[in-house]
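Remember, predicted model here, so these are calculated numbers, not experimental data. Atoms considered below: every heavy atom in the structure, side chains included; atoms not considered: hydrogens, waters and symmetry mates.
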Amino acid sequence: MEAMVASQPVIKVAAICGSLRKASFNRGLIRSAIELTKESVKGMEIEYIDISPLPMLNTDLEADGTYPPVVAAFRQKILQADSYLFACPEYNYSVTGPLKNAIDWASRPPNVWADKAAAIVSAAGGSGGARAQYHLRQIGVYLDLHFINKPEFFLNAFQPPAKFDSDGNLIDEESKEKLKAVLLALRAFTLRLQGIC
């Protein structure tokens, strides 16, 4: 298995968090995913893409087929990624405004999301963000994003035992193992879509 992984290309994953809060649990999931790729998930590199600098979508900001520099840079990072990891909190039964804004900017012509693999993780109260994940899947249909179906990752952040520390870092080992399973599935699905496996 190790030799097989070594012979395959490294998957470049763009990780996007729908929460802008520094100690966000969802951002903590991305930090944990990055750590896992360095420790035990080989053949994958995750880059956190900060969406906070993006202006609200306004087509008046597009001029002669170009985008504001911060938007153009974001779109380029999305285009260069092999797949995506969305950390998706739930606001009012849906995705957050900042996440939807980022999705919309990258979907402007030409759509840079298309034909890539993606996975969703979320930490929230109650259902752990399930409704937001299902809504994000609906959005992905139009964008030609291909989400892994299983395993699903919905984490109730407030149910004992503690899942995060005061800085928003994931500390629950069982949740880390579930996150690792998502990353392995994303890697395998990305390679399959690329025709490598």
Side-chain angles (χ1 to χ4, degrees), residues 11 13-21 23-37 41 44 46-52 54 57 74 78 81-107 111-159 163-164 168-172 174-190 192-193:
I11 300 301
V13 179
I16 299 150
C17 181
S19 175
L20 304 182
R21 190 171 63 87
S24 158
F25 295 151
N26 286 277
R27 194 179 297 188
L29 293 177
I30 290 176
R31 284 192 301 273
S32 188
I34 291 169
E35 288 172 17
L36 285 167
T37 61
V41 179
M44 178 180 270
I46 300 177
E47 179 185 2
Y48 168 66
I49 311 296
D50 184 8
I51 62 173
S52 65
L54 295 173
L57 179 69
F74 170 72
I78 298 305
D82 296 308
S83 58
Y84 312 109
L85 176 64
F86 292 94
C88 183
E90 182 175 312
Y91 288 9
N92 301 318
Y93 285 20
S94 186
V95 299
T96 65
L99 179 56
K100 183 63 167 69
N101 185 58
I103 289 168
D104 291 345
W105 270 122
S107 71
N111 171 19
V112 295
W113 297 111
D115 295 322
K116 304 259 181 100
I120 313 169
V121 295
S122 60
S127 68
R131 291 172 293 236
Q133 284 200 26
Y134 294 144
H135 193 187
L136 182 54
R137 287 177 181 277
Q138 288 177 322
I139 294 166
V141 170
Y142 185 77
L143 301 175
D144 294 320
L145 270 171
H146 306 288
F147 286 103
I148 64 168
N149 291 319
K150 291 183 180 78
E152 295 178 308
F153 188 102
F154 311 107
L155 181 59
N156 183 325
F158 306 104
Q159 183 178 13
K163 306 296 190 284
F164 296 90
N169 296 308
L170 184 63
I171 57 172
D172 181 62
E174 182 180 346
S175 298
K176 287 182 182 181
E177 284 302 311
K178 290 178 180 177
L179 181 57
K180 179 179 176 180
V182 169
L183 296 176
L184 291 170
L186 177 59
R187 183 180 185 285
F189 191 46
T190 302
R192 198 168 94 206
L193 285 180

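Taking CD1 of I11 as the start and CG of L186 as the end, the distance is 8.0 Å to the nearest 0.5 Å. Atom CG of residue L54 and atom CG of residue L99 lie 11.0 Å apart, to the nearest 0.5 angstrom. Considering CG of D172 and CG of L170, their distance stands at 6.5 Å, rounded to 0.5 Å. To the nearest 0.5 Å, atom OH of residue Y91 and atom NE2 of residue H135 are 16.0 Å apart. Rounding to the nearest 0.5 Å places CD1 of I51 at 6.0 Å from OG1 of T96.
When all heavy atoms are compared, the tightest approach of K163 to S175 is CD-OG, 4.0 Å. Residue G126 comes nearest to N156 through the heavy atom pair O-ND2, 3.1 Å, listed as atom of the first residue, atom of the second, then distance.
Ion pairing between a basic and an acidic side chain is recognised when a charged N comes within 4.0 Å of a carboxylate O; K178 and E174 show such pairing.
In this structure, the side chains of I16 and I78 come closer than 4.5 Å at one or more pairs of heavy atoms. Put simply, the side chain of S24 does not reach to within 4.5 Å of the side chain of P89, judged on heavy atoms. When side chains are defined from C-beta on, S127 does not count as touching F154, because their heavy atoms never get closer than 4.5 Å.
Listed by chain and number, the residues in a side chain to side chain donor-acceptor pair (under 3.5 Å) with N101 amount to none (sequence neighbours excluded). For F158, the ring pair (Phe, Tyr, Trp, His ring centres under 6.0 Å) criterion is met by F25, not counting sequence neighbours. Scanning for salt bridge (charged side-chain N to carboxylate O under 4.0 Å, His left out) contacts around R131 gives E90, with sequence neighbours left out. Under the side chain to side chain contact (heavy atoms under 4.5 Å, CB included) criterion, E177 pairs with K180, sequence neighbours left out.
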Show the atom names and distances, to 0.1 Å, of all donor-acceptor pairs under 3.5 Å that link a side chain in residues 112-123 to residues at least two apart or in another chain.
unit_1 : atom_1 : unit_2 : atom_2 : d
W113   : NE1    : I103   : O      : 3.0
K116   : NZ     : L79    : O      : 2.8
K116   : NZ     : A81    : O      : 2.6
S122   : OG     : G128   : O      : 2.6
S122   : OG     : Q133   : NE2    : 2.9

Give every donor-acceptor pair under 3.5 Å between a side-chain atom in residues 137-150 and any protein atom, sequence neighbours left out.
unit_1 : atom_1 : unit_2 : atom_2 : d
R137   : NH1    : I148   : O      : 3.2
R137   : NH2    : I148   : O      : 2.9
H146   : NE2    : D144   : O      : 3.4

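Considering I49, I30, L85 as possible partners of V13, the one that fulfils the side chain to side chain contact (heavy atoms under 4.5 Å, CB included) test is L85. Checking L183, D82, I34 one by one against M44, the side chain to side chain contact (heavy atoms under 4.5 Å, CB included) holds for a single residue, L183.
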- Message: I'd like to know whether F153 forms a side-chain contact (heavy atoms from CB on, under 4.5 Å) with L29, so could you lay out the CA-CA distance, the side-chain angles of the two residues, the decisive distance to 0.1 Å, and finally the verdict.
- Response: CA-CA 10 Å; F153 188 102; L29 293 177; 3.9 Å; yes
